[in-house]
Structure formats: structure tokens, C-alpha cells
*Asks:* 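I have a structure I would like to understand better, so I am pasting it below and will then ask my questions one at a time.
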Amino acid sequence: MLDIKLIRQNPEIVREALARRGEDHAALDEVLAADEERRRLIYEVEQLKKRRNEVSDDIAHMKKEGRDASAAILEMREVSGKIKEMDDAVRALDERLNTLLLAIPNIPHASVPFGKDESENVEVRRRGTPREFGFEPKAHWDIGVDLGILDFERAAKITGARFTVFRGAGARLVRALISFMIDMHTKEHGYTEVYPPFLVNRESMVGTGQLPKFAEDMFRCEGTDYYLIPTAEVPVTNLYRGEILDASQLPIYHVAYTACFRAEAGSAGRDTRGLVRQHEFDKVELVKFVRPETSYDELEKLVGDAEDVLQRLELPYRVVMMCTGDVGFAAAKKYDPEVWMPSYGRYVEISSCSNFEAFQARRADIKFRPAPGAKPEYVHTLNGSGLAVGRTFAAILENYQEADGSVTIPEALRPYMGDLERITKG
RNA sequence: GGAGAGAUGGCUGAGUGGUCUAAAGCGCUCGCCUCGAAAGCGAGUGGGCGGGUAGCCCCUGCCCCGUGAGUUCGAAUCUCACUCUCUCCGCCA
């Protein structure tokens, strides 16, 4: 969420930022009105509380000296009732203000290009060259099914649409990709591995911005307050929820493998075949907690870490910077690395790297102390996929397919595949 | 699932209705001492929300003893519910 003080003092900055996103900014006036009313009430009730504290002390003294305090007690009985009423009113206003603030998106960074939607995103670089096939390249779902390493039909039987069974070398390839990515990020990029729960409570979902606004995208365990995580970003960012970190701990880099669960409400009919859009998929996620002044450098490094995986797997890709209309609710700036997918004839998102600045930290209350004795400040949080495993699997099948239907294993992955060089039928 | 114990500041830990602003110790910061350090001595040492002035200081008020309700003129302290932790039993990968 945004800083209420920023909204209070510079409403026009916020208004303009929301307009650049193409967002309605009517809520702002409501925020300002609620904020003013809240502060007025707080002032009044605090005056009453001050009075109550003083008189309560007097009563204590009177009783001690054996004097009659019944008049004061009678007066305070009335004051206390009034305080209770006003406290309730303040609480109601707090709740309303909070609800409003949670629904306002982040302010895009000045370097983010203006644009109304994804068509105006900007390609910032391209690496690798899509391969010239001497034959008609097949889609990964055909390759995988033919090789017997993907089984969508049985997945539909045991669970439903948008689930996958990986089998044999396919199952191993999933495991290999996860290990390969995590090893790279821990050994070469300085990330500490964590393995968090895949179910989190409501506060965690609010902390990273999935709730309350995007509830219909989540799976919730019936009869509980637990949600299946849509990304490791949720448990990992919430690791430090409500904490004040020591400056010497920063920056914190975490890498986490988790399964991810998404209801995909509203995307019926989109990407119905293959691994691109599943209800459950694997992802290796990178999460950073950094000092504010470093967060944009850290974002560039984060994108580089994700790209490194693509380079090592020798997959052609490009990096796109999202415009103001497509930057995402919580992000101030976002890059999407996209991998070349031959059967699509275009680049497909395989990672998403964002700087949230203090937007998540404010919701999740994650601070650090810049210097001993100094006031705590909010950290900046960042995260990015490094990478989405299912889509990487698909990209390998498509880019490394051979005319005979087999798939070559990228060299970097072979140590994780028992030195297997090629997946063949049977 | 059953039984019991517990939750207080960075940590340990006292505090069972008003003697305020939560004792004490440890840790940390600063100062004195010292060639320097240790010891010793002294001082300081949380978070949040308002108001005044001011964009950082400062003055002032309110709130925070796991969370939320309640009793009371007044709650860390009494009552209820919930959450979490620990011990034992049962079940279990």
C-alpha cells in the first residue's frame, strides 16, 4: 500500500500516477476524507483519555486519604462511555481507510514507459537466435506425449483440466531443472535457499498484495484460513513480516523452490493445451530485501540472474519492460524475460522480475534500522522467477526437438540427468 | 484428538486492581578512566498513532505486557474466547 502521508501531502502526485496506469482515482478523495475525519476523531478521543487518566489518579489519591470520590467516579463513568463510542468510531474509520488503501496500486517508477496495455511494453534486449528447423517443429505437448514423458489425460482423470503428470525422463527433467536453478542461484548469485510451506494464512496473502483484491485467483482450503500459495513470493516475503531487520543483514537474497497454485479464473479458453497455463506448476523464485537506495540496481541484477538461467540452457530469449498500463498492481517497475517458443512463433513469458519498493514492506511491516539508534525504515522488496519450471520444460522440448521426435538435453543440465544426452521414445 | 503448563521490552526475568511514566540483570550505544583494551563508574537505550512547530531535530498527548472482547472510575494484573509455544498420552509419514 501507499504511504498515507504521501497521499495526504501530495495527492496530486498520486492522482497523476494512477492516471498513468489507466486506473480510476475516485478512491483518493474518499481516502482523504476518511483520513481527515479519522484524525479529527483521534484528537478528540485522546483529549478525553487524557482527562480520564488524570481523574483516575485523583481518585486513587482521594481513596488513599479516605476522602469521598463518588462525584469523580460518576463523572468518569460518563466519560468512559463516551470514549468507548468514539474508539469504535475510530476503529470503523481505520478499517474503511485500510480497505481503501489496500485497493490502490503502486506508483510506477519514473523510468517506466507510458502505455495503456501490454501492446505498449518495450523490448529492452534480445539474446540468442531462434533455431532454423529443417522440419516442421512440433508443440511441446505433442513432443512430450509422443515421448511418453507428459500425460495430460491421466492428469485430467485423477485431478482435472490444467494439471500434468510427468513421467520417466520427464519427471526427472523437472527435478533436474529445479536442482540446476537452485544450485546456480545459491552457488553463483549469492542466494540463500529456503523451503517454505506451500500453504499460508490470510495475513501473509495480504502482506504481499494477493488479498484482498485478487481473492478469486487463489485456492483456499475449505473450512480453514489457509490458502495455497500462488508463488513462493508469498511465504518468502512474509518470512520477515512484522520484523525490524538489522542493517548489517541487508541485502537478503533468498531462492525458493515451491509448487504454485492458481485458480486461473477468467482465463478459460486461453492456453488450454500444454504446460503454459496450469493450476499447479513448479517455480524457482528469487526474493530480495534491500536498502531503498539500492533497489533499482538490485532489480537489474535480479533480471540478470534470471537471464543467466536461460543463457546457460542456451534458450533464445528477450527481455521486456512493462509499461505503466501493464506493470502489475504491486510493482513500481517490472521486467519480463520471455523465452522463444517455436510452436507459438513468438516469445512467451518465463519470468517476471519486479521492484515493489516499499509497497509490500509497508503492507507486511518489514523494516530495517539504517544505523544504530536510527529510526526504522521500510525495506524495499523485489522478486522474480528464476525460472518457471513448467515453461522452461516446454521451451526445452520445443527448442531442442529433433526430426525423429527425440529431445536433446541441454549440456548444462546433463549432470542433473545422469549424463543423459537425449530423451528418446520408450 | 486427550491432559497439563506457559506467552512481559533485543535477551533473561519480577510484577495478582491505583505509590504514575513496567523492577532488576544481561546485551548494546555514548562518555569518564586508560598509551590502548578489560574492569570500574556515569548516562542513554522499543514500536505505533495524533497535535504543535517543522518535510530529518524538538515539545506534547494517546495507545501497545500473545490476539480480541468483557468487568471497573481505573487492568500487565480479574473474566471469557482465540492463537501460538512447551511437556506427557494417543494417532501418524
Side-chain angles (χ1 to χ4, degrees), chain A residues 1-14 31-98 100-101 195-207 221 223-227 235 238-250 291-293 358 361-379:
Chain A
M1 75 175 102
L2 297 179
D3 186 358
I4 180 65
K5 285 182 192 138
L6 174 72
I7 298 177
R8 188 187 299 154
Q9 287 163 7
N10 301 90
E12 65 290 345
I13 290 180
V14 180
V31 168
L32 287 168
D35 176 54
E36 202 178 319
E37 173 72 0
R38 174 178 172 275
R39 283 185 294 148
R40 190 183 62 76
L41 261 178
I42 283 177
Y43 184 76
E44 278 183 34
V45 73
E46 284 187 356
Q47 295 302 309
L48 286 181
K49 284 180 179 174
K50 184 183 177 190
R51 169 91 181 133
R52 181 177 67 182
N53 289 342
E54 288 166 353
V55 176
S56 288
D57 267 5
D58 293 344
I59 292 172
H61 284 111
M62 282 189 261
K63 289 209 157 185
K64 205 172 176 184
E65 293 160 18
R67 289 188 286 142
D68 175 39
S70 53
I73 289 177
L74 217 61
E75 185 203 339
M76 284 308 102
R77 195 170 293 173
E78 207 169 302
V79 170
S80 276
K82 183 94 180 151
I83 287 174
K84 196 166 291 178
E85 276 173 36
M86 293 177 74
D87 270 345
D88 286 344
V90 170
R91 198 169 309 118
L93 271 172
D94 272 344
E95 222 162 277
R96 173 143 152 263
L97 191 58
N98 206 35
L100 289 168
L101 285 175
Y195 188 89
F198 294 3
L199 267 61
V200 297
N201 57 30
R202 158 167 269 275
E203 294 81 72
S204 294
M205 292 291 259
V206 172
C221 295
T224 73
D225 189 36
Y226 294 150
Y227 294 80
N238 278 282
L239 280 178
Y240 304 106
R241 169 151 53 86
E243 296 191 22
I244 297 173
L245 303 166
D246 197 276
S248 64
Q249 291 174 262
L250 299 179
R291 300 180 70 115
E293 64 273 19
R362 198 171 290 113
R363 292 170 86 109
D365 189 26
I366 306 171
K367 297 180 175 174
F368 77 105
R369 208 178 290 282
K375 263 205 171 132
E377 282 178 41
Y378 289 111
V379 300

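A, B, ... follow the sequence lines: proteins, then strands. Residue 1 opens every chain.
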*Asks:* Please tell me which of the listed nucleotides, B:rC73, B:rC84, B:rU71, lies nearest to the side chain of A:Ile73?
*Replies:*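 Nearest to the side-chain atoms of A:Ile73, counting from C-beta on, is B:rC73.
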*Asks:* Is the phosphate of B:rC63, meaning OP1 or OP2, less than 4.0 Å from a side-chain N or O of A:Asn53?
*Replies:*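 Yes, such a contact exists.
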*Asks:* Report the distance from atom CZ of A:Arg40 to atom P of B:rG51, rounded to the nearest whole Å.
*Replies:*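 It works out to 13 Å between those atoms.
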*Asks:* How many Å lie between CG on A:Asp246 and P on B:rG47, as a whole number?
*Replies:*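 Going from A:Asp246 (CG) to B:rG47 (P), I get 13 Å.
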*Asks:* Show, in sequence, the C-alpha distance, side-chain angles and deciding distance for A:Arg40 and A:Glu36, and conclude whether the salt bridge (Lys or Arg N to Asp or Glu O under 4.0 Å) test is met.
*Replies:* CA-CA 6 Å; A:Arg40 190 183 62 76; A:Glu36 202 178 319; over 6 Å; no
*Asks:* Under 4.0 Å from OP1 or OP2 of B:rC49: is there any side-chain N or O of A:Lys49 that close?
*Replies:*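 It does not, given that no N or O in the side chain of A:Lys49 lies less than 4.0 Å from OP1 or OP2 of B:rC49.
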*Asks:* Which residue lies toward the 5' end of RNA chain B, A:Gln47 or A:Ile4, if each is placed at its nearest nucleotide?
*Replies:*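 Checking each residue's closest nucleotide, the 5'-ward one belongs to A:Ile4.
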*Asks:* Could you state the atom-to-atom distance from CZ of A:Arg241 to P of B:rC84 in whole Å?
*Replies:*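 So the CZ-P distance, A:Arg241 to B:rC84, works out to 13 Å.
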*Asks:* Where the side chain of A:Pro376 is concerned, which of B:rG47, B:rG18, B:rC73 is the nearest nucleotide?
*Replies:*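 Nearest nucleotide to the side chain: B:rG47.
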*Asks:* Among B:rU71, B:rG18, B:rG48, which nucleotide sits nearest the side chain of A:Lys367?
*Replies:*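 Per side-chain heavy atoms of A:Lys367, the pick is B:rG48.
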*Asks:* Can you identify which nucleotide, out of B:rC63, B:rA69, B:rC62, has its nearest atom closest to the A:Arg52 side chain?
*Replies:*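 Nearest to the side chain of A:Arg52 among the choices is B:rC63.
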*Asks:* Could you tell me how far apart A:Asn98 (CG) and B:rC49 (C1') are, to the nearest whole angstrom?
*Replies:*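 Going from A:Asn98 (CG) to B:rC49 (C1'), I get 14 Å.
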*Asks:* Does a side-chain N or O of A:Arg38 approach OP1 or OP2 of B:rG50 to a distance below 4.0 Å, or not?
*Replies:*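 True: A:Arg38 side-chain N/O within range (under 4.0 Å) of B:rG50 OP1/OP2.
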*Asks:* Taking the side chain of A:Ser56 as heavy atoms from C-beta outward, which of B:rC73, B:rG48, B:rG50 is closest to it?
*Replies:*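 Closest nucleotide to the A:Ser56 side chain: B:rC73.
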*Asks:* Keeping the roles fixed (side chain from A:Arg362, backbone from A:Met1), state whether a donor-acceptor pair exists under 3.5 Å.
*Replies:*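 Yes, because the side chain of A:Arg362 sits within donor-acceptor range (under 3.5 Å) of the backbone of A:Met1.
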*Asks:* Mind calculating the distance between CD (A:Glu377) and P (B:rG47) to the nearest angstrom?
*Replies:*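 Computing the A:Glu377:CD to B:rG47:P distance gives 13 Å.
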*Asks:* So which one's nearest nucleotide on RNA chain B is more toward 5', A:Lys50 or A:Lys375?
*Replies:*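 Upstream on the strand: A:Lys375.
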*Asks:* Could you check which of B:rA69, B:rC62, B:rG47 has an atom nearest any side-chain atom of A:Arg369?
*Replies:*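 Side chain of A:Arg369 sits closest to B:rG47.
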*Asks:* Choosing from B:rG61, B:rA69, B:rG18, which nucleotide comes nearest the side chain of A:Lys63?
*Replies:*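 For A:Lys63, the side-chain atoms sit closest to B:rG18.
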*Asks:* Verify the contact: side-chain N or O of A:Arg51 to OP1 or OP2 of B:rC62, cut-off strictly under 4.0 Å; return yes or no.
*Replies:*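 For B:rC62, OP1/OP2 do not have a side-chain N/O of A:Arg51 under 4.0 Å.
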*Asks:* Check every atom of B:rC73, B:rG51, B:rC57 against the side chain of A:Arg39 and return the nucleotide holding the closest atom.
*Replies:*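 So the side chain of A:Arg39 is nearest to B:rG51.
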*Asks:* Please give, in whole Å, the distance from B:rC64 C1' to A:Asp365 CG?
*Replies:*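 Taking CG of A:Asp365 and C1' of B:rC64, I get 13 Å after rounding.
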*Asks:* Look at the side chain of A:Asn201 and the backbone N and O of A:Ser204, then say whether any donor-acceptor pair between them is shorter than 3.5 Å.
*Replies:*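 Yes, the answer is positive, given that a donor and an acceptor are paired below the 3.5 Å cut-off.
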*Asks:* Atom CD1 of A:Ile59 and atom P of B:rA75: how far apart are they, to the nearest Å?
*Replies:*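 Rounded to the whole Å, the gap is 11 Å.
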*Asks:* Of all the choices, B:rU71, B:rG50, B:rC63, which nucleotide is nearest to the side chain of A:Ile42 once you look at every atom?
*Replies:*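 Closest nucleotide among those given: B:rG50.
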*Asks:* Does A:Ser80 have a side-chain nitrogen or oxygen under 4.0 Å from the phosphate oxygens OP1 or OP2 of B:rU72?
*Replies:*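 Answer no for this pair, as no side-chain N or O of A:Ser80 is under 4.0 Å from OP1 or OP2.
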